[in-house]
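Okay, so here's the structure we're looking at.
None of these values were measured; they are calculated from a predicted model. Read the numbers this way: they start at 1 and go in the same order the structure lists the ligands and their atoms. Nothing fancy with the numbering, it's 1 onward along the sequence.
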Amino acid sequence: MLKGKKIVLGITGSIAAYKSCLIIRQLIKRGAEVQVVITPAGKEFITPITLSALTSKPVISEFFAQRDGTWHSHVDLGLWADAMLIAPATASTIGKMAHGIADNMLITTYLSMKAPVFIAPAMDLDMYAHPSTQQNLRTLQSYGNHIIEPGTGFLASHLEGKGRMEEPEHIVASLEQFFSQQGSMKGNRVLITAGPTYEKIDPVRFIGNYSSGKMGFALAEECARRGADVELVCGPVSASMQTRHPHIHRIDVESARQMHEACQRLFPSMNSAILCAAVADFTPATVAAQKIKRTGDDMVIRLKPNPDIAATLGTIKRPDQTLVGFALETDNEEHNAQAKLQKKNLDFIVLNSLRDPGAGFRTDTNKITIITPDSQTQHPLKPKTEVAADIIDQLEAEMNKK
Ligand code: CTP
C-alpha cells in the first residue's frame, strides 16, 4: 500500500527523534520515498547525515540550501507529497501548526501541504495535558489532520501514559491503513444528511435543536476520502462547518420539508444514503407573516407532523441501495433502535445513547452501537472522525453483500 508513495517526514526537537530512523526504514522497506524536513531543534537530536543516508536524499531544514540563492520550495514539496507525517511532533510545533506561525521550513511546508497530514505528538505528560496543547490538537484535528497516538486517541478522558510518541510500527501501520482505504468507494455516490432543521414560527423565530452537524460532516469527509462522490444535504449549521474534500457537494436547506425534497430528488441516483440529520418531527401548522407580538396571554403554537425522510427513502429503496439511519435515544435504547431499523427499512442503524457522557449532540466525540437486523456491535468512545470510519467500514461491508 505504501509502494511508490511519496512521504514528507517532518522531524522536530524531541528525544523521540531517534525513532524517526525506524520510521524511515520501515517506510522505505515498504517501497515509499521519504523526504525529511527537520526543524533547527530537531537537528540537536539527530544528525542530517544519518537521515540523508537512510532516505538517499538531502535533508531539508533551511529555506536556503546554500548562500548562492538556491532555495527550497515548500510549495513544490506540498504538491509532491502523497502524505506528510510529523513524527515526533513537539508541543511547540503543534502550537505553531495550529496557529500558522511559519518560522521554519517544516511549518511552511505544512501550510503548503495538499496531501493528508499525520501528526505523532511526543512530549511529557504535563505539557501534553495542558489545555493549550489539548486545544491545539483539537484545532489541528478540526482542520482534517490525523493525530496518531497510543491508546484511544487524545480525546480520551484518562491521560495516563499519554504524550509518549506512538511506536514506529504503529505509525507506519496507520499510514498503510489510510492508503489501503483510499479509493475503496470509488464510483459510489452517497447521500448524507447532517445538522438540525429549523422550523419557522414567524420571520424571526424558529424551532430547532442542538445538532451541530459534526457527525454528518465527518461521515462525508470519510466517504470522500475513500473515493466516493458525496451529496451532503445540510441543515443550518454554524459558519465554521466547512467541507474540505472536493468530492463533497453541499446542498444547504433550512426546514425538514426542504431536506425531504432534496433527498427524494437525489436518492434514486445514489448507491447509499446515511441519514444523520436531526430532523424536526413537527413544524408549526401556520407560519405568521409578521413577528408575533406579546399580548400578555399564554401563547400556543400548533404543530403538524413533518415528513419522515428515512421512512420515505426506505419505501423507495431499491435492492441495490443501502440505507443507514441514526437513533438518538434516552431510554430503552436497543429496543427502540431495532424498531426504527424495521419501520424505516434500513440496512443498519447507528445508536447513540444520551445516557453516555461524550455521546450525541455538541461534542467532538461519540459512542455508538451499530445494529443490523442480526447483529449488534458496540464501539468505545472515540473522536467523531474515527467513529465515522467505523460507520463507513460497516457501510462498505453492507454494500458488498448486495
Ligand atoms: N429521520 C428522518 N426524518 C424525520 C425524522 C427522523 O429522516 N422526519 C431520520 C433521522 O435522520 C435518523 C432516524 O430517522 O436517521 C431516526 O431519527 P429519530 O429522531 O431518532 O427517530 P424518529 O423516527 O423521529 O422517532 P422518535 O423521535 O419518536 O424517537
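- When only modelled atom types and interatomic distance are considered, Q242 and Y143 share no side-chain donor-acceptor pair under 3.5 Å.
- By the side chain to side chain donor-acceptor pair (under 3.5 Å) test, S174 is found to be paired with no residue, residues two or more places apart in sequence or in another chain being considered.
- S61 and K43 share a side-chain donor-acceptor pair at under 3.5 Å.
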(message) The test is side chain to side chain donor-acceptor pair (under 3.5 Å); show your working for H379 and N366 and say whether it passes.
(response) CA-CA 9 Å; H379 295 266; N366 209 354; over 6 Å; no

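- The residues lining ligand 1, counting any heavy atom closer than 4.0 Å, are L275, A277, V279, D281, P307, D308, I309, A310, G325, F326, A327, L328, K340, K344.
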(request) Begin with the C-alpha distance, continue with both residues' side-chain angles, and end with the deciding distance and a verdict on side chain to side chain donor-acceptor pair (under 3.5 Å) for Q182 and R225. (result) CA-CA 6 Å; Q182 244 183 4; R225 181 176 88 69; over 6 Å; no

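- If you check the side chains of E396 and S184, you find a donor sitting under 3.5 Å from an acceptor.
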